[in-house]
Every structure is written in C-alpha cells, then in structure tokens.
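Since we're looking at a predicted model, the values are computed, not measured. Computed from heavy atoms alone, side chains included, the values below leave out hydrogens, waters and symmetry copies.
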Amino acid sequence: MFRNIKLLWIWAIIAYTTELEFKYHNTTELESFLRDINTKYPSITYLYSIGTSVNGSDLWVLAIGKYPKHHTVGIPDVKYIGNIHGDEVVGREMLLHLIEHLVKMYGKDVTITRLINNTRIHIMPSMNPDGFEITQRDEPNCMFSSGRYNEKLIDLNRNFLDPFENNTSSLQPETKAVMNWIRSETFVLSISLHGGAVVASYPYDNKHPGMQPSGYSKCPDDDVFIFLAKNYSYSHGCMFSGDECENTPFFQDGITNGADWYPFPGGMQDFNYIFGQCFELTVELSCCKNPPAMTLEEFWIENQVSLINFFKFAHLGIKGQVLDSKGAPIENAIVEVQGRKNIIPYRTNKWGEYYRLLLPGLYTLNVTVPGIESRTTELQVFNNLANFSALIFNFNFNSIFRHATSLNDDTYQQYNTASRIQQNTIFLISIVFCSVLIY
C-alpha cells in the first residue's frame with residue numbers, strides 16, 4: 001500500500017524524458033547507445049574504455065561533466081558501475097536510462113545542471129559484458145545463471161585485493177582494469193548496482209580482526225556509510241520498507257552492513273574504500289536477478305530519484321589542497337581525521353588534493369608530509385550540500401618539497417597481506433532538499 005503511494009509521488013515529480021526503449025540491450029546495442037550519446041552531447045560527455053573483458057569486449061565508461069575529459073581541481077569524481085555479475089541485469093539498464101536523463105536535462109533542470117557542472121560523473125553500465133551475454137543465451141532464471149561469472153568462471157566481486165586475507169584466485173582482466181581505473185582517478189563516491197535483493201549495503205563486506213560478535217564489520221567511517229545508505233533507501237520507491245523479497249532477511253531501513261548480511265572476501269566495495277579512498281555502496285535493485293524486460297520501467301521509476309540524489313553526497317565534508325611555500329601541490333601527503341584510523345592512510349593526489357567525506361561536526365585533521373613535517377587543524381564542517389561544494393580548506397607548508405614516493409603495487413600488496421546527532425538531522429535535511437530541489 002505504502003509502496004504504491006510512494007510510486008505515485010515519484011511519478012508526480014519526475015520529468016519523464018526517456019526515448020531509450022525499456023529492454024535488455026546487448027553488447028553491440030550498449031556501445032551504439034553510448035557512442036550516440038557522446039556524439040549528440042560532445043561538450044559534456046566523454047566516452048572511453050578502461051580495458052577489455054576475457055572475450056575482448058570493451059569496458060565502456062561514459063564521463064559526464066562540465067570538463068568530462070579530465071579531472072579538474074576542486075571537482076570530485078563519482079562513478080556508478082553495473083552488471084559486475086552478468087546475470088544481475090537491472091542495474092545495467094538503469095544506468096543507460098540515467099545517462100539519457102542526465103544529458104537531456106542538462107541546461108533544463110537546475111539541480112541536474114548544477115550537479116553536472118560541479119561533479120564529474122563516470123558511468124560504466126557493464127563490468128561483465130561476457131557474463132551478460134551468457135545470461136541472455138541461458139534460460140531465464142530469477143536466482144542464478146552461469147552468467148554470474150566472467151568467461152573464465154570467476155566471480156568478479158570476489159576477485160579484488162582484500163586487506164583481511166589473501167586472495168587466491170588470479171586477478172581477471174576485468175578486475176585489473178577496474179583496480180587500475182580506481183587508482184588512476186580521484187574517485188570520492190561510488191555505487192555498484194546488483195540484483196537478488198532490495199537493499200543498500202555498506203563496508204565492510206569481509207570480517208576484520210576485532211569485529212563485533214554479531215557479525216557487523218564496522219569501518220572507521222561507519223556513520224557516513226549509514227547516512228549514505230539511508231539516503232538511497234529512503235529516496236527509493238520501496239527499499240526503505242526492508243521486506244521486499246521473500247528470500248532475504250528483513251533489513252531495517254532498507255540498509256545493511258555487508259558482513260552482517262553475509263561476509264565474503266575480495267569484494268569491490270571494500271577495495272574502493274580501503275585502497276581507493278572512495279566510499280562505495282553496493283545497491284541491490286531487484287528480488288529477481290533477471291526479471292522480465294516489461295518490469296524495467298517500474299525499476300527506473302523506483303530508482304531514478306535515488307540515483308540522481310546520490311551524486312550530491314560527493315560534496316559532503318572537507319576538500320582542499322596541500323601546498324608548499326611556492327603554491328606547488330604536494331603529492332602523497334597523508335591526510336588523517338582524528339578518531340578515524342583508516343587501514344591505508346588517505347593521501348593527496350598529484351594536484352595535492354584531498355577529499356574527505358564527513359558529516360557535519362567538529363573534526364581534527366592532521367596532514368603529514370612523510371619524514372618532513374606535520375600540521376594539525378580543527379575544522380567545523382557544516383551541511384553544504386545546497387552549495388554543491390564541500391568545505392574548502394587548503395594546508396600551506398612553509399618549505400618547498402619534492403613529491404613523496406607514490407604507493408606502488410608492492411605497497412598495495414603489503415597492505416593486502418599484512419593488514420588484517422547529527423546524522424539523523426542531516427539525513428532529514430537532505431531528504432527534504434532532494435524532494436524540493438531535484439525535480
């Protein structure tokens with residue numbers, strides 16, 4: 001009953017602009033669609049491939065932004081990935097419709113225009129094109145298909161480097177491409193779209209030493225992740241109810257800690273957060289992994305507001321640069337928030353930038369140029385979502401520094417093997433902001 005009321009409300013606020021057919025688009029059709037969008041909207045889009053699948057299919061990404069071809073200082077990068085499991089197909093189509101909606105509403109809708117001008121958005125509709133094609137050839141199955149895996153029968157969402165245990169399966173080309181992509185960009189926020197449940201899941205997915213007996217595997221930024229997950233859930237048509245699927249447990253508020261649901265190693269979500277400095281949610285969109293195409297329009301109606309609203313949260317917290325006395329950026333300076341000890345300390349990029357997602361509150365930041373100098377500052381963070389910019393604070397050092405040594409693959413591997421309120425108020429404010437401004 002409440003779900004139907006919610007859907008009617010979403011129908012009332014959506015500017016319906018779709019021309020893309022609600023169907024499952026094969027690999028050739030997906031590429032054609034992306035190329036067509038890039039041709040029609042060249043000033044705000046950039047199409048690129050981060051690598052290829054086992055069978056040689058490109059892993060296409062469409063970037064959308066005011067400066068889509070390259071990272072711009074002060075503008076956070078956000079990514080959405082679909083179809084890491086080839087038989088979980090709804091997310092793949094939702095991302096195609098999201099792309100169409102964003103580019104068509106740019107310059108027409110105030111909020112979407114500001115989002116695109118102040119955020120660089122990367123959308124990969126399919127991380128597992130080989131698995132998707134296998135799924136389309138198989139008999140439809142709601143809960144499992146051999147297309148879940150890539151062509152070499154590897155589960156890509158169990159294939160990433162894991163800080164809590166050794167990953168024994170060889171890294172697949174799709175996984176390597178995404179890992180390199182994460183390391184090469186300054187991603188701040190991410191969503192991975194799945195199927196088989198209706199819930200927003202957050203780190204950690206794997207158990208860690210000292211975790212609670214209940215199975216809840218708590219990360220240092222647990223408060224931020226709960227906030228992000230609740231925002232997706234309560235902006236969704238029905239996820240917040242927590243009981244959409246018969247074969248899944250009840251999820252309070254439509255969210256769950258990954259390991260508290262079921263723990264597993266080698267997940268992309270944990271890799272993003274620990275190795276990529278990127279806050280990623282795993283969002284399950286459908287009880288049936290491979291539902292009939294006729295249901296896709298309803299899934300779009302349920303998820304559209306959540307998918308667009310989520311972009312705003314790249315502007316939570318604090319951002320800035322670490323600079324020397326000449327104003328030159330200091331790369332690989334360590335930026336730490338007191339009381340939040342990350343497994344791998346967060347570091348500045350080659351432009352000396354840092355981004356730190358935080359809820360409003362008082363925080364102490366410590367910035368260290370390794371082996372040379374440290375600086376500690378106390379900062380009050382406010383809710384700046386309406387401004388589409390986190391609090392800007394630059395750290396200026398008195399000396400001239402050479403670049404610190406970069407974290408290389410060996411360092412990542414060492415970490416991999418050796419390492420084992422205000423929230424509710426902010427949440428309500430953001431939901432009201434979404435309802436009033438997004439459409």
Side-chain angles (χ1 to χ4, degrees), residues 76-77 79 159-167 171 175-176 178-190 192 202-211 217-225 228 257-259 263-282 314 317-320 322 329-358 363-372 374-376 395 403-420:
D77 286 77
K79 63 180 170 65
N159 192 232
F160 284 79
L161 294 183
D162 192 294
F164 306 123
E165 59 185 279
N166 287 328
N167 192 337
L171 289 177
T175 311
K176 288 180 182 178
V178 171
M179 286 171 55
N180 290 335
W181 185 38
I182 291 168
R183 291 170 178 172
S184 66
E185 293 285 357
T186 306
F187 291 119
V188 176
L189 191 63
S190 178
S192 175
Y202 54 91
Y204 293 124
D205 274 328
N206 202 0
K207 298 177 181 179
H208 69 87
M211 66 180 288
S217 192
K218 187 176 181 179
C219 73
D221 294 288
D222 190 66
D223 59 338
V224 179
F225 276 110
L228 293 172
N257 172 263
F264 64 88
M268 183 166 67
Q269 178 172 262
D270 286 359
F271 179 86
N272 268 279
Y273 175 59
I274 296 168
F275 294 103
Q277 306 183 179
C278 175
F279 287 50
E280 178 166 278
L281 294 186
T282 299
I318 308 171
K319 66 180 180 182
V322 180
I330 302 174
E331 184 178 4
N332 285 310
I334 297 171
V335 180
E336 297 174 292
V337 180
Q338 192 174 90
R340 294 169 187 258
K341 189 171 180 61
N342 296 97
I343 293 173
I344 297 179
Y346 281 26
R347 293 175 178 257
T348 55
N349 63 16
K350 64 182 178 181
W351 298 280
E353 283 182 292
Y354 71 94
Y355 292 85
R356 199 61 175 83
L357 298 189
L358 296 165
Y363 299 93
T364 300
L365 265 68
N366 181 262
V367 174
T368 303
V369 179
I372 301 175
S374 291
R375 183 80 51 82
T376 299
F395 288 85
H403 291 323
T405 303
S406 298
L407 284 174
N408 56 27
D409 286 342
D410 290 338
T411 307
Y412 277 102
Q413 193 60 46
Q414 288 171 11
Y415 277 110
N416 179 41
T417 57
S419 299
R420 296 301 174 230

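- Of all non-hydrogen atoms in Val367 and Ala333, the two that sit nearest each other are CG1-CB, 4.3 Å.
- Rounding to the nearest 0.5 Å gives a distance of 13.0 Å between CD1 of Ile330 and CZ of Arg347.
- Taking each heavy atom of Lys207 and Ser217 in turn, the nearest pair found is CA-OG, 3.8 Å.
- How far CD of Glu353 is from CD of Glu331: 11.5 Å, rounded to the nearest 0.5 Å.
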Evaluate Phe271 against Val178 for side-chain contact (heavy atoms from CB on, under 4.5 Å), listing each step before the verdict.
CA-CA 10 Å; Phe271 179 86; Val178 171; over 6 Å; no
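- The heavy-atom pair separating Pro329 from Gly352 by the smallest distance is CB-N, 3.5 Å.
- The salt bridge (Lys or Arg N to Asp or Glu O under 4.0 Å) search around Asp77 returns Arg120, not counting sequence neighbours.
- Between Phe279 and Tyr346, the two ring planes are perpendicular [angle over 60°; tilted spans 30° to 60°].
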Let's go through Arg356 and Val335 carefully: what are the C-alpha distance in whole Å and the side-chain angles of both, what is the deciding distance for side-chain contact (heavy atoms from CB on, under 4.5 Å) to 0.1 Å, and is it a yes or a no?
CA-CA 9 Å; Arg356 199 61 175 83; Val335 180; 5.6 Å; no
Evaluate the side-chain contact (heavy atoms from CB on, under 4.5 Å) criterion for residues Asn342 and Ile274: first the C-alpha distance (whole Å), next the side-chain angles of each, then the deciding distance (0.1 Å), finally the verdict.
CA-CA 7 Å; Asn342 296 97; Ile274 296 168; over 6 Å; no
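- The salt bridge (Lys or Arg N to Asp or Glu O under 4.0 Å) check on Arg340 picks up Asp221, Asp223, with sequence neighbours excluded.
- With sequence neighbours excluded, no residue satisfies ring-ring contact (aromatic ring centres under 6.0 Å, His included) with Tyr202.
- Partners of Thr348 according to the side chain to side chain donor-acceptor pair (under 3.5 Å) rule, which considers only residues two or more places apart in sequence or in another chain, do not exist here.
- Scored by the side chain to side chain donor-acceptor pair (under 3.5 Å) test, Asp205 finds Gln269 as partners (sequence neighbours excluded).
- Partners of Thr368 under the side chain to side chain donor-acceptor pair (under 3.5 Å) rule, at least two apart in sequence or in another chain, are Asn366, Ser374.
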Take Phe160 and Met179, measure what side-chain contact (heavy atoms from CB on, under 4.5 Å) needs, and give me the verdict at the end.
CA-CA 8 Å; Phe160 284 79; Met179 286 171 55; 3.5 Å; yes
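- Shown here are the side chain to side chain donor-acceptor pair (under 3.5 Å) partners of Tyr204, two or more places apart in sequence or in another chain: there are none.
- Using a 4.0 Å cut-off between charged nitrogen and carboxylate oxygen, Glu280 and Lys79 count as a salt-bridge pair.
- With sequence neighbours excluded, no residue forms a salt bridge (Lys or Arg N to Asp or Glu O under 4.0 Å) with Lys319.
- For the atom pair CD of Glu185 and SG of Cys278, the computed distance is 11.0 Å after rounding to the nearest 0.5 Å.
- Between the side chains of Thr186 and Asn349, a donor-acceptor pair is found at a separation under 3.5 Å.
- One N or O on the side chain of Asn257 and one on the backbone of Ala259 form a donor-acceptor pair closer than 3.5 Å.
- Side chain of Ser184 to main chain of Asn180: a donor-acceptor pair is present (N/O by atom type, distance under 3.5 Å, no hydrogens or angles).
- In terms of the ring-ring contact (aromatic ring centres under 6.0 Å, His included) criterion, residue partners of Phe187 (sequence neighbours excluded) are, by chain and number, His122, Trp181.
- Closest of all the heavy-atom pairs between Asp270 and Asn206 is OD2-N, 3.1 Å.
- A distance of 5.0 Å separates CG of Leu358 from CD1 of Ile318, quoted to the nearest 0.5 Å.
- Listed here is the closest heavy atom pair of Pro370 and Ile334: CG-CD1, 4.1 Å.
- Contacts of Phe264 classified as ring-ring contact (aromatic ring centres under 6.0 Å, His included), with partners at least two apart in sequence or in another chain: Tyr262.
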